[in-house]
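A short write-up of the structure that comes next.
This structure is a prediction, so every number in the text was calculated from the model and none was measured.
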There are 2 protein chains.
Amino acid sequence: MLGQMMSQPLLISSLLVHAERHHGDREIVSRRVEGDLHRYTYRDLAKRARRMANALAGLGVGFGDRVGTLAWNGYRHVELYYGASGSGVVLHTLNPRLHPDQLVWIADDAQDKVMFFDLTFLPLIEATAQRFASVQHFVLMADRSHMPADSKIPGLICYEDLIEGASDQYDWPVFDENTASSLCYTSGTTGNPKGVLYSHRSSLLHCYGCALPDSTNLSARDVVLPVVPMFHVNAWGMAYAAPMVGAKLVLPGPALDGKSLYDLFESEGVTFSAGVPTVWQGLMAYTEEHGLSFSTMKRTVIGGSACPAAMIETFEQKYGVTVLHGWGMTEMSPLGTVCALKASHEDLDWDAQLKIKSTQGRALFGVDMKIVDENGDELPWDGESAGELMVRGPWIIDSYFNRKEDPLVRDKAGLGWFPTGDVSAITPDGFMRITDRSKDVIKSGGEWIGSIDRENIAMGHPAVAMAACIAAPHPKWDERPLLVVVKKPGKEVTREEVLAFFEGKVAKWWIPDDVVFTDEIPLGATGKMQKNKLREQFADHVLPTV
Amino acid sequence: MLGQMMSQPLLISSLLVHAERHHGDREIVSRRVEGDLHRYTYRDLAKRARRMANALAGLGVGFGDRVGTLAWNGYRHVELYYGASGSGVVLHTLNPRLHPDQLVWIADDAQDKVMFFDLTFLPLIEATAQRFASVQHFVLMADRSHMPADSKIPGLICYEDLIEGASDQYDWPVFDENTASSLCYTSGTTGNPKGVLYSHRSSLLHCYGCALPDSTNLSARDVVLPVVPMFHVNAWGMAYAAPMVGAKLVLPGPALDGKSLYDLFESEGVTFSAGVPTVWQGLMAYTEEHGLSFSTMKRTVIGGSACPAAMIETFEQKYGVTVLHGWGMTEMSPLGTVCALKASHEDLDWDAQLKIKSTQGRALFGVDMKIVDENGDELPWDGESAGELMVRGPWIIDSYFNRKEDPLVRDKAGLGWFPTGDVSAITPDGFMRITDRSKDVIKSGGEWIGSIDRENIAMGHPAVAMAACIAAPHPKWDERPLLVVVKKPGKEVTREEVLAFFEGKVAKWWIPDDVVFTDEIPLGATGKMQKNKLREQFADHVLPTV
């Protein structure tokens, strides 16, 4: 017997419709690439998103087609979030930090029909436009005064012209909530990046989950500044959650340095932000240097990589900003756990609370997690037993875009769990702590850098016998790659020569920071390099800082 | 193109699974009909709910079958919420305040196969058991020591025996989230009550919506005491939302007097409650009489009928308890609007804030609303224009159970809106104020009393020519029915005789409180009684208080 409630699909357009009707006057403030501040309201956003929906149709983009973006956090990017997804087009956000070869590969894999890009990326697109085979139109996200006089990009379209030329009358279509809404590629620790294809349903359920009091606790009284990029996992859902609750949205554009962020926090009355530890390091270095404090900031979610206890302590004890340590993945939309205290923790002293706040927290409703041993058997939640972390839920990936293999692991009841690649322990009351992050991956400023690709490149050098790429601690980026090299017998090669060998092969920030030479890399029983031992051996290695 | 995220239905069982895994030690404290306090944890609840699922199957209750409950807020009722709905059985909560004839009619309409009832209702069931044609088993929600030695109910089952006899091993089935989960009948302002059949999906979406920071703002640090009954609209979703977030649940049983509630608030550290104004009047009379204050209580949702400004002021200014004025309907699961301030209100003085807090608030995401004129055209949100309030959303009714007629009104785009019967105005920033509640209905202590039935009964009296039943202000119940009677020419009848005429025909609390006689009832153009004019005429009428 079916219930008799309204059958109303969960659609991304409904977030914008709600914001326009119920929070029409609430502001969206954006720092533009041009440097100035732009401000308008959800009502304005809704109007321009409708124009964009019409404009996309005018460019020949149909239901289910992909459009790519290479853009910072800004109002035009938000217009594309809604104009594209709302009309049934799939928004494909590309990470501009990737190597151009990878961007071309990804856009081709996604078959993007249009590529929208910020002024920052004009040189990049000018250099690569010919290689984007599927892209029929390039749109520069600027007004006419910022269009290049003589562009090498054929038929380059001006964003503002495109918007102006389209009607603001548009009825958001109603369709199956399982329709694809947006696409984001993982950084790809091994091999090519893999696409995660979110649905309207998964995005909206994630949005409810991440606004809850024990998640980001978002309300209409909040002023939200997502430092986390809209080009990666939808800025952790903030561009959806803010209109859902009617929060003011402050978008920092490309200016993520301490001073720019601090000025924006104070001038716009930011109450909540979300970012990775390295960005906060820059912000806190600035406030400490100038003896500043936060006058409106109340709390921040910190994730992407583990937040050091010292940072949590400074935020909470010095600045009065509550830190919500979180954990998630591109494959998880991304939010999985948030470290909000339970009632039993409220009377603990600060040191005991800090110990809890240093864990990645507990699962929000909508995510279930478990840790398993090598046989796939579930391990107890005793705070000590560590095993691979597995997750499932309605905003967690089922399969990768354009890939045939099934990434899930089935349990005895046949339910699929996504193996995160992270190793963790869980306390009896559900607080999860990543103990080994993942075996091979280097987390640099919240981005993952795979080790195997770097090893493969290094081993292509004629003097290198074996190479292991491991994480080494770095004061600014948390971790950076350190390459451990065994030379071929009778061959010589220098640190500088090895590093030079990487140039042009990968993005600059993917090149290891340092190289050390050793006589032997320890191998396990099955012939795999034992990187745990290497990490111990080089734990005190000091990376050069530029 | 479909997204590639996990296809995981929204099921009520997942709330309990989450609570058991992530908040297993959190308490549920219940005041029993027997008077004592019972306490256990979500882990215990989960175990007993699994036993109940097995027990229901053992009684021959299958997927989609209905089981009825006549019960207060208590842990056994919660076990039925999950044991029944979780296994695909429809939980039908009956309102024990209804007249026995209506209870029999409702159970028959629903075709309830089993009837669970609290000890309080043993006399009621003993008197009516033979009339519940579809009911195959009656279960008394008590342990063996409280079973009657010689019951008139054939085959009466003891709840604890039933639970003890069933295994606690049970895998919650996975099925379509649109499956019916629970059934609740409206009080029925005209004619027979109408059933609202909720789905798992609608219940879970409502649960997300009502836990949001701008709704009830529920977290794992909360201790929730729902005064609103689990026998009506699922205690406003609290029995679902508390396990979702890991809040402690405190259930008051039948003891809703000021002293009992206050003692429970203080002894269990209640931080949040939800109730109707009349219950709070009793509580506040008690605290004022004894000079008490609330030591842990932080906020309360008040709905069911309009909350007087004086009550909001006392709660906030005297007791430091934030009042969230809310509005909803059985047909809306029930939450529609909550009056959480916006950022622009934070700096207003108290009088200005109180004016806003006296409105019914703004729509949460998941509910859209509009006001329309007599032609169905949408009226502006100017705070002045008043029209019929229409709503739509995924937790709002599509059609009534067992009824063929379509209750929705289609707009020009073909979308169905549920006409609430309430008349309201909406401010430009989305705050909704009920101006005329509804034309005919009397809201007595949060329950609706229809006027037409009473008029029909009165007009059955040989001396009554015409009768109009209208709302008159009442110090305790907010409103009570006042009957306005025109006598037949040459006939005489007294106030007492008219009231006596109602006895045995409807539940006692549905009998009008008073009768006034008049020469003429004003009629409108179409011959309908103009009750607005009557209400004005008798606005100063003082009802007798018992």
Side-chain angles (χ1 to χ4, degrees), chain A residues 1-8 10 15 17-18 21-23 25 64 90 171 176 178-181 196-202 208-209 211-214 217-221 223 244-246 248 340-343 346 362-363 365 368 392-401 413 416 429-430, chain B residues 1-8 10 15 17-18 21-23 25 64 90 171 176 178-181 196-202 208-209 211-214 217-221 223 244-246 248 340-343 346 362-363 365 368 392-401 413 416 429-430:
Chain A
M1 177 183 291
L2 296 184
Q4 292 176 241
M5 308 305 279
M6 285 189 189
S7 170
Q8 194 170 301
L10 301 172
L15 295 166
V17 170
H18 177 82
R21 283 177 71 81
H22 301 277
H23 304 279
D25 289 334
V90 179
D171 291 324
D176 182 349
N178 293 300
T179 300
S181 60
V196 180
L197 192 64
Y198 308 107
S199 70
H200 286 257
R201 173 185 169 94
S202 71
Y208 271 124
L212 288 176
D214 276 345
N217 194 21
L218 278 193
S219 82
R221 293 168 301 290
V223 179
M244 185 177 94
V245 303
K248 174 176 166 180
L341 297 185
K342 289 187 168 184
E346 290 192 300
R362 52 193 170 83
F365 178 73
D368 199 3
R392 55 182 261 103
W395 58 76
I396 294 169
I397 192 171
D398 181 66
S399 57
Y400 290 100
F401 179 69
D429 52 357
Chain B
M1 178 181 293
L2 297 183
Q4 292 177 239
M5 308 305 279
M6 285 189 189
S7 168
Q8 195 170 300
L10 300 172
L15 294 166
V17 170
H18 177 82
R21 283 177 70 82
H22 301 277
H23 303 279
D25 290 334
V90 179
D171 290 324
D176 182 350
N178 294 301
T179 300
S181 60
V196 180
L197 192 63
Y198 307 107
S199 71
H200 286 257
R201 173 184 168 95
S202 70
Y208 271 124
L212 287 177
D214 276 344
N217 194 21
L218 278 193
S219 82
R221 292 167 302 289
V223 179
M244 186 178 95
V245 304
K248 175 175 165 181
L341 297 185
K342 289 188 169 183
E346 289 191 302
R362 52 193 168 84
F365 176 74
D368 199 5
R392 55 183 262 103
W395 58 76
I396 294 168
I397 192 170
D398 181 66
S399 57
Y400 290 99
F401 180 70
D429 52 357

So which of A/Q8, A/Q4, A/R392 has the largest heavy-atom pair count under 4.5 angstrom toward chain B?
A/Q4
Quick one: what part of B/F401 sits under 4.5 Å from any heavy atom of chain A, side chain, backbone, both or neither?
both
With only heavy atoms counted, which part of A/I396 is less than 4.5 Å from chain B, the side chain, the backbone, both or neither?
both
At a heavy-atom separation under 4.5 Å, does B/V223 approach chain A through its side chain, its backbone, both, or neither?
neither
Flag the one option from B/S7, B/G430, B/A220 with the top tally of heavy-atom pairs under 4.5 Å to chain A.
B/A220
Checking B/R21 against chain A: side chain, backbone, both or neither under 4.5 Å from a heavy atom?
both
Taking the side chain as C-beta and beyond, is there a heavy-atom pair between A/V196 and B/M5 under 4.5 Å?
yes
Where on B/I397 is there a heavy atom nearer than 4.5 Å to chain A: the side chain, the backbone, both, or neither?
both
So which part of A/R201 gets closer than 4.5 Å to some heavy atom of chain B, the side chain, the backbone, both or neither?
side chain
I'd like to check A/N217 versus A/L212 (side-chain heavy atoms, cut-off strictly below 4.5 Å). Are they in contact?
no
Tell me, for A/D176 versus chain B, whether the close heavy atoms (under 4.5 Å) come from the side chain, the backbone, both or neither.
side chain
Of all of B/M6, B/K342, B/M1, B/R362, which one pairs up most often with chain A through heavy atoms under 4.5 Å apart?
B/M6
Out of B/S199, B/P213, B/G64, B/A343, which one racks up the most heavy-atom pairs below 4.5 Å with chain A?
B/P213
Top residue by heavy-atom pair count (under 4.5 Å) with chain B, among A/A340, A/A211, A/G246?
A/A211
So for A/A413, is it side chain, backbone, both, or neither that comes closer than 4.5 Å to the heavy atoms of chain B?
neither
The ring pair (Phe, Tyr, Trp, His ring centres under 6.0 Å) partners of B/Y198 (sequence neighbours excluded) come to none
Spatial distance of atom CG (B/L10) from atom CG (A/L10) [nearest 0.5 Å]
7.5 Å
Quick one: which of A/E346, A/H200, A/K248 has the most heavy-atom pairs under 4.5 Å with chain B, could you say?
A/E346
Of the backbone (N, CA, C, O) and the side chain (C-beta and beyond), which part of B/D429 lies under 4.5 Å from a heavy atom of chain A, both, or neither?
backbone
Under 4.5 Å from a heavy atom of chain B, the part of A/S399 involved:
both
For the candidates A/S219, A/S181, A/G209, which exhibits the highest count of non-hydrogen atom pairs separated by less than 4.5 Å from chain B?
A/S219
Shortest non-hydrogen contact between A/R221 and B/L341, atoms and distance:
NH1-O, 2.6 Å
Closest non-hydrogen atom pair, B/L197 against B/V90
CD1-CG1, 3.9 Å
Ring pair (Phe, Tyr, Trp, His ring centres under 6.0 Å) filter on A/H18, not counting sequence neighbours, yields A/H22, A/H23, B/F365
